[in-house]
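Below: the structure, in structure tokens.
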Amino acid sequence: MPELPEVETVVRTLAPALSGAAILSVPHARADMVEPLGHDLAASLKGRRIASVTRRAKRIVFTLDSAERFFVHLGMTGQLTLEPTDGPRKKHTHLVVDIAGGRQLRLVDPRRFGAIVWLGKADHANVGPEPLSLLPEQLAKILGRTKRAVKTALLDQTLLAGVGNIYADEALHAAGIDPRRPGNSLSTAEAGRLNRALKTVLRNAIRAGGSSIRDYVDANGKRGDFQARHRVYDREGKPCHKCRGKIIRIVLGGRSTHYCADCQS
DNA sequence: AGGTTGACCTGGACGC
DNA sequence: TGCGTCCAGGTCAACC
């Protein structure tokens, strides 16, 4: 579900409420969703304060007053919300953190593709640069090193962090680039266009509060609006907004891929 | 070694 | 109504 704009929206709705807040206890943490396996999350969090809530890639990062960190990854169906302590607990609630002031931070994730990862003082591993602060020559270099389809390369989190299936398709459409093109076949100008398109699409999506296809909500339970402005994602058979061409759907690297047969080739 | 495929899960939409 | 099939904002490990 959640890509960079959705995760960023969750962070922005959580941070004001949680910065400086005290963690009272951890009444529930599903053991098989905590990494490293067997780590005692409750013991690590109890009595600490949350210094900040930030985003890195698709990860919601909590920094404690001890300078230790953990992050929540939402997988496909994760929802991280703030609820009143006495509010009803939804099915598939896998993490509950008691916060001072009668609030609970809760993770609901039916498919359980998400995770709660204790970092301690270690750094994030295996995540590429952030697309919102990427220079055009950096993107050109990243793509120039692979002959995989450019769409597939954009999804590789070790190359670029935070872009997922929706925004890869949307950015390639905005840049007018065929998603099947080998990464190393893009010209410098095309890489530059793609770099700009990624930033524009991601920023607009953040401004709209993300895309809610089915599950995604922010920390207050509110859905995003960006799905109404998708140009290609989930628009198979519909007309292209740019050229009236037909949006087609193919499978690339095992992922559903949408593009305009006319203005992206 | 780079690149592709299936597995991990639940639930909603669809067809019969 | 009730099955069975397919699909989904992500990421790994296991394979060619």
Side-chain angles (χ1 to χ4, degrees), chain A residues 1-11 30-37 55-60 71-80 90-95 107-117 124-128 131 142-173 179-185 198 201-202 204-206 208-218 222-237 249-258:
Chain A
M1 140 186 86
E3 307 182 33
L4 187 155
E6 290 75 36
V7 175
E8 178 67 26
T9 304
V10 172
V11 164
R30 186 176 164 125
D32 63 5
M33 290 193 70
V34 175
E35 297 171 29
L37 216 60
R55 181 191 60 77
R56 171 74 173 105
K58 298 174 189 171
R59 304 169 172 185
I60 300 159
F71 68 80
V72 171
H73 195 295
L74 298 176
M76 287 279 264
T77 53
Q79 301 179 334
L80 192 62
K90 288 199 188 106
K91 195 175 170 184
H92 304 299
T93 297
H94 306 310
L95 175 69
L107 174 67
V108 171
D109 182 9
R111 287 176 77 180
R112 277 182 277 132
F113 287 175
I116 306 143
V117 181
H124 293 273
N126 305 323
V127 276
I142 288 166
L143 296 175
R145 279 194 297 249
T146 182
K147 53 184 189 179
R148 298 157 82 186
V150 56
K151 152 82 183 273
T152 307
L154 290 178
L155 294 183
D156 185 335
Q157 300 298 297
T158 67
L159 298 182
L160 190 64
V163 179
N165 209 32
I166 293 178
Y167 300 106
D169 282 3
E170 292 298 321
L172 285 163
H173 177 258
R180 301 167 297 177
R181 294 260 309 275
N184 63 8
S185 75
L198 276 167
V201 167
L202 293 171
N204 286 342
I206 291 170
S211 301
S212 291
I213 305 295
R214 43 185 337 123
D215 306 290
Y216 162 72
V217 293
D218 70 16
K222 193 166 161 282
R223 290 167 60 81
D225 292 323
F226 198 70
Q227 64 280 4
R229 289 162 57 191
H230 292 169
R231 299 300 199 204
V232 284
Y233 184 82
D234 204 20
R235 293 196 64 246
E236 183 183 12
R249 174 186 173 277
I250 60 168
V251 176
L252 248 190
R255 310 297 303 279
S256 180
T257 298
H258 316 75

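All chains are named by letter (A, B, ...) in the order of the sequence lines, taking the proteins before the strands, and each is independently numbered beginning at 1.
Contact between A:Glu3 and A:Val163 at its shortest, heavy atoms only, is OE1-C, 3.9 Å. Taking both residues in full, the closest heavy atoms of A:Arg229 and A:Glu170 are given as O-OE1, 4.5 Å, listed atom of the first, atom of the second, then distance. Residues A:Val127 and A:Arg56 come closest through the heavy atom pair O-NH2, 3.4 Å. Closest heavy-atom contact between A:Ile116 and A:Leu95: CD1-CB, 3.9 Å. Residues A:Arg111 and A:Met76 come closest through the heavy atom pair NH1-CE, 3.7 Å. Smallest separation of non-hydrogen atoms from A:Arg255 and A:Thr257: O-OG1, 3.1 Å.
For C:dT11, one of the phosphate oxygens OP1 or OP2 lies less than 4.0 angstrom from a side-chain nitrogen or oxygen of A:Gln157. A sub-4.0 Å separation between OP1 or OP2 of B:dC9 and a side-chain N or O of A:His92 is absent. Under 4.0 angstrom from either OP1 or OP2 of C:dT11 there lies at least one side-chain N or O belonging to A:Lys58.
Nucleic acid contact for A:Tyr233: sugar-phosphate only, since backbone atoms but no base atoms lie under 4.0 Å from a heavy atom of the residue. Using a 4.0 Å heavy-atom criterion, one finds that A:Ser256 contacts the sugar-phosphate atoms exclusively.
Nucleotides C:dC6 and B:dG6 place their P atoms 13 Å apart, quoted to the nearest Å. Rounded to whole Å, the separation between the P atoms of B:dC9 and C:dA14 comes to 15 Å.
You'll find that the side chain of A:Arg249 is closest to C:dC7, out of C:dC7, B:dT10, C:dT11. Side-chain proximity of A:Pro110 to B:dT10, C:dA8, C:dT11: nearest is B:dT10.
Between the CE atom of A:Met76 and the C1' atom of B:dG11 there is a distance of 12 Å, rounded to whole Å. Computed from coordinates, the A:Asp234 CG to B:dG12 P distance equals 17 Å when rounded to whole Å. As rounded to whole Å, 13 Å separates atom P of C:dC7 from atom CZ of A:Arg255. Rounded to whole Å, the distance from CG on A:Asn126 to C1' on C:dG10 is 15 Å. Rounded to a whole Å, the CG atom of A:Leu107 is 16 Å from the P atom of C:dG10. Rounded to a whole Å, the CG atom of A:Asp32 is 11 Å from the C1' atom of B:dC9. Between the CD atom of A:Gln79 and the P atom of B:dG11 there is a distance of 13 Å, given to the nearest Å. Rounded to an integer number of Å, the gap from A:Met33 CE to C:dG10 P is 16 Å.
Between A:Thr158 and A:Asn126, the side chains place no donor N or O within less than 3.5 Å of an acceptor N or O (distance only, hydrogens not considered).
If A:Phe113 and A:Arg214 are placed on DNA chain B by their nearest nucleotide, the residue sitting closer to the 5' end is A:Phe113.
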Between the protein and nucleotides 1-5 of chain B, which nitrogen or oxygen pairs come in under 3.5 angstrom?
| residue | atom | partner | partner atom | Å |
| --- | --- | --- | --- | --- |
| B:dG3 | OP1 | A:Thr146 | OG1 | 3.4 |
| B:dG3 | OP1 | A:Lys147 | N | 3.4 |
| B:dG3 | OP2 | A:Thr146 | OG1 | 3.4 |

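Under the 4.0 Å criterion applied to side-chain N and carboxylate O atoms, A:Asp109 and A:Arg30 are not assigned as salt-bridge partners.
The base of B:dC9 is not paired with the side chain of A:Arg112 by any donor and acceptor separated by under 3.5 Å.
A:Ser212 places no side-chain N or O within 3.5 Å of a backbone atom of A:Gly210 that could act as its donor or acceptor partner.
Using the six-membered ring where Trp is involved, A:Tyr167 and A:Phe226 have ring planes that are tilted, between 30° and 60° apart.
Taking a pair as Watson-Crick or G-U wobble with both distances under 3.5 Å, the runs of three or more consecutive pairs in DNA chain C are B:2-8 with C:10-16, B:10-16 with C:2-8.
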